[in-house]
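Quick notes on the structure that follows.
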Amino acid sequence: MNDLHEALRDDVRMLGDSLGQTIEKHLGKKFLEKIERVRKLAKAGRHGTEKDRDNLLTELKGLSEDEMLPVARGFTQFLNLANIAEEHHRVRRHQEICDLEAADSYVQLLKRLKKEGIGVTQIQQTLAEMQVDLVLTAHPTEVNRRTLIQKYDAITDCLRGLDRGESEQHRLKELISQIWHTNEIRQVRPTPIDEAKWGFAVIENSLWEAVPTFLKRLDEQTHAILGQGLPLDCSPIRFSSWMGGDRDGNPNVTAVVTEEVLMLSRWMAADLYVRDIDVLRAELSMYNCNQELRQRVGDAPEPYRQLLGEVRDSLVCTQRWIKERLDQESEVSSVLCPMLTPDKLLEPLMLCHRSLVECGMEIIAEGPLEDIIRRVGCFGMTLVRLDIRQSSDRHAQVFEEISQFYGLGSYIHWTEEGRQAFLLKELQSKRPLIPRGWHPSPEVQEVLDTCKVVAEADPASLGSYVISMASHPSDVLSVILLLREMGISHDMRVVPLFETLDDLDSARDCVDALLSVPWYKQYTHGHQEVMIGYSDSSKDAGQLAAAWGQFKAQEALTELCQAHDVHLTLFHGRGGTVGRGGGPSHTAILAQPPGSVDRSLRVTEQGEMIRFKFGIPELAVRNLELYTGAVLAATLSPEPSPKNVWRDQMEKMAETGLQAYRSVVRHDAQFVPYFRAVTPEQELSKLPLGSRPAKRKADGGVESLRAIPWIFAWTQIRLMLPAWLGSDTALEAAVRNNELPLLHDMYAKWPFFRSYVDMLEMVLAKSDTRLTEYYESRLVSDELKVLGSSLRHRLSVAVEKVLDIKQRKELLVDNPVIQQSIDVRNPYIDPLHFLQAELLYRDRNHPDQRLEQALMVTMAGISAGMRNTG
Ligand code: PGA
């Protein structure tokens, strides 16, 4: 292991040196020396005296407007290169660990389940029925441009080559030079179509290869332990997408965009299959085949190639058919037989498979042919299923305009009962509701147009229709009615997203009211999906109260759906960072309430996390395995329910935490001015990260700020407030009341509480009050500094209490890898923070294009250093 750490250090040094040479070549020896000086001072500033830190600040303050950008770029790119080396190292280490059969591996899990007395058939069946749906979103948390990500990936390839003893030095230099001479900040915002294409590229570049590898391994391991593998076309994991479908607060995602994205994903799928079939055709040159295939292809000398040739033609036809639609060519298609369903593709492939096996060529059948069959099982003919998301008030607005048009009064002023009665009556009526000759507002028209696109789309290309900020049954019924009005012919999953604390608390009652309506229950076909919003609830109530609210809501929904005899799928809207419900997926799954993970689960995968988890095939395979194992374990061997004393304690702490959080965020008049002054919140909205605006309402205040920039802003100044504010007070009160032994017990035995404490610890370890204090000293008026210092004090209380619970003297002592990674990065991130504070100060006083550019680079660099944005 030590050798491996040495290897990581060597890689980082080599990449850093190469970056240094590039900078020197571009900006001269003197400039490189300046950067080196800053780096050394930063290092000394971390480990030395106040004086070293002062020297660093003096050096940075002395930089001219023109020097700030290249200095910021130097540190930012260094951090990016360090990330690549670390990522590569993780894969390298994983390979080693794999060889040693890691304790958390899938094989160990199967053995454990068997030992616990769970029957082989039950395990098999659970695997065959398992539906883990990873939903790729376009959430704007990836700071890196795609073109740079591609170069970073190429560097990873070089590092692998070097490990194999190949000579890659020249290529590495070339890539680093390309990176240095490329602007790291996007000039324009990506469009939703760009975002969707980005999602397809992740599939093309990584998941397309990873999925069959993962499934094959799963099959082999299952076979080895249980004596029976998995059906060839079984895929416990699938992918959905929000890219081009999520229009919540994003006016750029229109009905036209969604329609185009639906077509593009089909095109992309067909294209990838054409490439696969070409490879397969080249390989399957055999002449021997079974009777069935012979009958199909007549006397063709190479029967497999003959049949695959037809498959290829159909796929190419499909692409033409799609292109005609994308180009909006003639209404009547010239293409006769597009291949639109997975069965059409599977049928000939399975025929080839049977024939090869029957003719004694199993070994050939198990090659690329099985890979393609497995891909069809996972990706179908549409690659991903597109979800739609829209906010509940936009649907209500449609009914408001309709009710006004008919002179029925104002829908939004009706009682909930009144709305439900109206919607249910209309849902069961045979005549249409939408008036002829009615001219709705453009916003309402857009909602209707979207519903029409959805209604007309192939059901296999669609996932769920998610309603954000859902509270009441009418929010769900109204969407079903709109889809029906637009002519949908299947019962699409319409999913409430509960994302405030109040809505989480009343989620059970809402779903109960729905399932108690016989019409609705029939509509569900025995399956209810509910989405839990992690980040907005945390922003609303603070992390502690929100986490408890989420837990209780899921528990109550699980019980409720069992009582209604309806299968529940929980859809977790988690972000990458802790304040947005992030953290290791398998830990999170195992920490869910018992019974709530029952074979199915949906979860969002966002921004940079998509790259970290699925960007490289090896890592993707690993993460797919982790998901499968965690869902299998949580389904078959759930943790026991928490004890009542634990629940009572949690209830009490959540209440204290909630009051403490809101008394600052909502009720302290100084809070918003402090937030605006000390963080780069306002400036962040200029960073063109994604297609959607930073706020739900353009003229809204902090309450309308989306959860991502909210957390992003606090991360940049290292106060990490959303992740701990409230926990400090709650934990302190518990300790004061002599409840520490109880907290120890909860930590030791309750995965939910353990995961909450461990995540809190991780965020606290990333906080740095000295840096926050520096931002304050540069940017905040004296009057607001009082709040700042109280917050910093509270953060230190949170640290103390976490250490009390963990019975440790320092944060992260049990997790030296993360601690080391934070320590190594700090000297490189520090100059970026100091620069950022300086830039904010200068730009707020004398706005300047050069400063803004440098400011954005510091934001990107700090995100790279912290390994996520917000
Ligand atoms: P949302 O997501 O703002 O789209 O609901 C929040 C998040 O992912 O943190």
Side-chain angles (χ1 to χ4, degrees), residues 19 69 71-84 86-87 136-153 155-156 178-180 182-191 194-195 197-199 201-202 243 535 575-580 582 605-615 679-694 705-718 720 766 821 825 828-829 831-833 835-836 839-840 852-870:
L19 177 66
L69 179 62
V71 171
R73 295 193 63 223
F75 284 95
T76 294
Q77 285 312 345
F78 179 84
L79 286 163
N80 278 314
L81 294 175
N83 284 348
I84 300 170
E86 210 172 272
E87 209 65 48
L136 312 178
T137 77
H139 281 49
T141 62
E142 170 62 90
V143 262
N144 288 297
R145 291 179 57 193
R146 254 171 72 191
T147 179
L148 283 171
I149 292 174
Q150 279 155 7
K151 296 183 201 304
Y152 298 151
D153 288 348
I155 291 187
T156 304
Q178 285 183 15
I179 291 167
W180 179 254
T182 299
N183 194 343
E184 49 276 89
I185 304 299
R186 292 183 189 104
Q187 298 300 301
V188 282
R189 280 188 186 276
T191 66
D194 293 335
E195 291 172 333
K197 287 184 178 163
W198 182 81
V202 174
M243 303 177 179
S535 13
T577 43
V578 175
R580 294 168 46 228
E605 297 288 357
Q606 323 195 335
E608 76 282 9
M609 299 316 288
I610 297 181
R611 182 160 56 93
F612 293 162
K613 287 163 116 177
F614 305 108
T679 74
E681 181 252 327
Q682 316 267 358
E683 292 79 4
L684 269 172
S685 58
K686 294 188 197 140
L687 200 59
L689 289 189
S691 69
R692 82 176 188 191
L705 185 67
R706 299 210 74 126
I708 292 171
W710 162 249
I711 293 183
F712 195 152
W714 290 111
T715 306
Q716 292 279 309
I717 66 155
R718 303 285 285 272
M720 326 301 264
K766 286 185 171 183
S821 157
R825 281 146 200 274
Y828 295 90
I829 313 180
L832 288 169
H833 284 296
L835 271 178
Q836 183 174 84
L839 285 159
L840 286 168
E852 276 188 16
Q853 183 69 12
L855 194 52
M856 290 192 199
V857 173
T858 60
M859 292 176 195
I862 294 169
S863 305
M866 302 303 293
R867 306 277 285 144
N868 44 43
T869 42

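Just so it is clear, the model here is predicted, and its values are computed rather than measured.
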| note | Heavy-atom closest pair (Leu79 atom, Tyr828 atom, distance to 0.1 Å) is CD2-CB, 3.8 Å

| note | On a heavy-atom basis, the closest approach of Arg186 and Asn144 is NH2-O, 3.3 Å

| said: Does Ile862 form a side-chain contact (heavy atoms from CB on, under 4.5 Å) with Ile829? I'd like the steps, not just the answer. | reply: CA-CA 6 Å; Ile862 294 169; Ile829 313 180; 4.2 Å; yes

| Exam field: side chain Asn83 to backbone Ala864, donor-acceptor pair closer than 3.5 Å | yes

| task | Examine distances only and state if a side-chain atom of Glu195 and a backbone atom of Ser691 form a donor-acceptor pair shorter than 3.5 Å. | result | yes

| request: Just jot down the side-chain contact (heavy atoms from CB on, under 4.5 Å) partners of Glu87, sequence neighbours excluded, or say none. | output: Arg90, Phe612, Ile616, Leu619, Arg867

| message | Walk me through whether Arg73 and Asn183 qualify under side chain to side chain donor-acceptor pair (under 3.5 Å). | response | CA-CA 9 Å; Arg73 295 193 63 223; Asn183 194 343; 5.9 Å; no

| Reported CD-to-CG distance for the pair Glu608 and Leu689, which is rounded to 0.5 angstrom | 9.5 Å

| note | Rounded to the nearest 0.5 Å, the CD1 atom of Ile84 sits from the CD1 atom of Ile179 at a distance of 5.5 Å

| field | Pairwise distance CE(Met243) to NZ(Lys197) - rounded to 0.5 angstrom | value | 14.0 Å

| said: I'd like to check the side-chain contact (heavy atoms from CB on, under 4.5 Å) partners of Gln682; sequence neighbours left out, ordered by chain and number. | reply: Arg676

| task | Have a look at Gln606 and tell me which of Leu136, Thr137, Thr577 forms a side chain to side chain contact (heavy atoms under 4.5 Å, CB included) with it. | result | Thr137

| request: State the CD1-NZ distance between Ile185 and Lys686, to the nearest 0.5 angstrom. | output: 13.0 Å

| Checking side-chain contact (heavy atoms from CB on, under 4.5 Å) for the pair Glu683/Thr858: CA distance, chi angles, key distance, verdict? | CA-CA 12 Å; Glu683 292 79 4; Thr858 60; over 6 Å; no

| task | Would you sort out whether Val202 and Trp198 count as a side-chain contact (heavy atoms from CB on, under 4.5 Å), showing the intermediate values? | result | CA-CA 7 Å; Val202 174; Trp198 182 81; 4.3 Å; yes

| field | His833 side chain to Gln716 backbone, donor-acceptor under 3.5 Å | value | yes

| query | Is the shortest heavy-atom distance from the side chain of Thr141 to the side chain of Arg580 under 4.5 Å? | reply | yes

| field | Minimum-distance pair of heavy atoms, taken over all atoms of Tyr152 and Asn80 | value | OH-ND2, 3.2 Å

| field | side chain to side chain donor-acceptor pair (under 3.5 Å) partners of Arg145, counting only residues at least two apart | value | none

| request: Could you tell me the separation between the CE atom of Met720 and the CE atom of Met866, rounded to the nearest 0.5 Å? | output: 4.0 Å

| Minimum-distance pair of heavy atoms, taken over all atoms of Phe78 and Leu19 | N-CD2, 3.7 Å

| message | Give me the atom names and distance for the closest heavy-atom approach of Gln836 to Met859. | response | NE2-CG, 3.5 Å

| query | What's the spacing between Thr679 OG1 and Ile711 CD1 if we round to 0.5 Å? | reply | 12.5 Å

| message | Which residues pass the side-chain contact (heavy atoms from CB on, under 4.5 Å) test with Asp153, not counting sequence neighbours? | response | Ile149

| Are the side chains of Phe712 and Ser863 in touch, meaning some heavy atoms are under 4.5 Å apart? | yes

| said: According to side-chain contact (heavy atoms from CB on, under 4.5 Å), who are the partners of Pro709, at least two apart in sequence or on a separate chain? | reply: Ala694, Leu705, Arg706

| said: Counting C-beta onward and ignoring hydrogens, is there a side-chain heavy-atom pair between Ile155 and Lys151 closer than 4.5 Å? | reply: no

| remark: Tightest non-hydrogen contact, residues Pro831 and Phe75, listed as CG-CE2, 3.9 Å

| request: Quick one: list whatever passes side chain to side chain donor-acceptor pair (under 3.5 Å) with Arg611, sequence neighbours left out. | output: Glu142

